[in-house]
Amino acid sequence: MRFFSLFIPLLILPIVIARSYDHETVTFHEIGHLLGLGHSSVPGAIMYPNITPGTSKGQHAKDVEGIKALYNF
Ligand SMILES: [Zn+2]
């Protein structure tokens, strides 16, 4: 019984944490890296290095500005 009380929470916790992040936001962030963008210091930008669990981000002017600068749009 002690096994379950100790290990089940340890097994479930990472799943709960992983599911609390918005996958679309994380995916856009990683695609930004694939396209050549680095991290942004602007908290609203998708390329900002941290995200609060349970929040999502969309396209930000700073991200668009970065892509335009990289690819001469
Ligand atoms: Zn990053």
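Ligands are counted one by one from 1 in listed order, and the atoms in each one are counted from 1 as well. Values below: all heavy atoms of this structure, side chains included; hydrogens, waters and symmetry mates excluded.
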Problem set entry | For Phe73 against Ile67, the heavy-atom pair lying closest together | CE1-CG2, 3.9 Å

For this session: Under the side-chain hydrogen bond (donor to acceptor under 3.5 Å, both in side chains) rule, collect the residues that match up with His60, sequence neighbours excluded.
Result: none

For this session: Is it possible for you to say whether Val26 and Met47 belong to one hydrophobic cluster, with membership spreading through side-chain heavy-atom contacts below 4.5 Å?
Result: no

Exercise. Taking the side chain as C-beta and beyond, is there a heavy-atom pair between Ile51 and Thr25 under 4.5 Å?
Worked result: yes

Problem set entry | Partners passing side-chain hydrogen bond (donor to acceptor under 3.5 Å, both in side chains) against Thr27 (at least two apart in sequence or in another chain) | none

Exercise. Quick one: side-chain hydrogen bond (donor to acceptor under 3.5 Å, both in side chains) partners of Glu65, sequence neighbours excluded?
Worked result: Lys62

For this session: Show all protein N/O/S atoms under 2.8 Å from the Zn ion (ligand 1), or state that there are none.
Result: His29 NE2, His33 NE2, His39 NE2

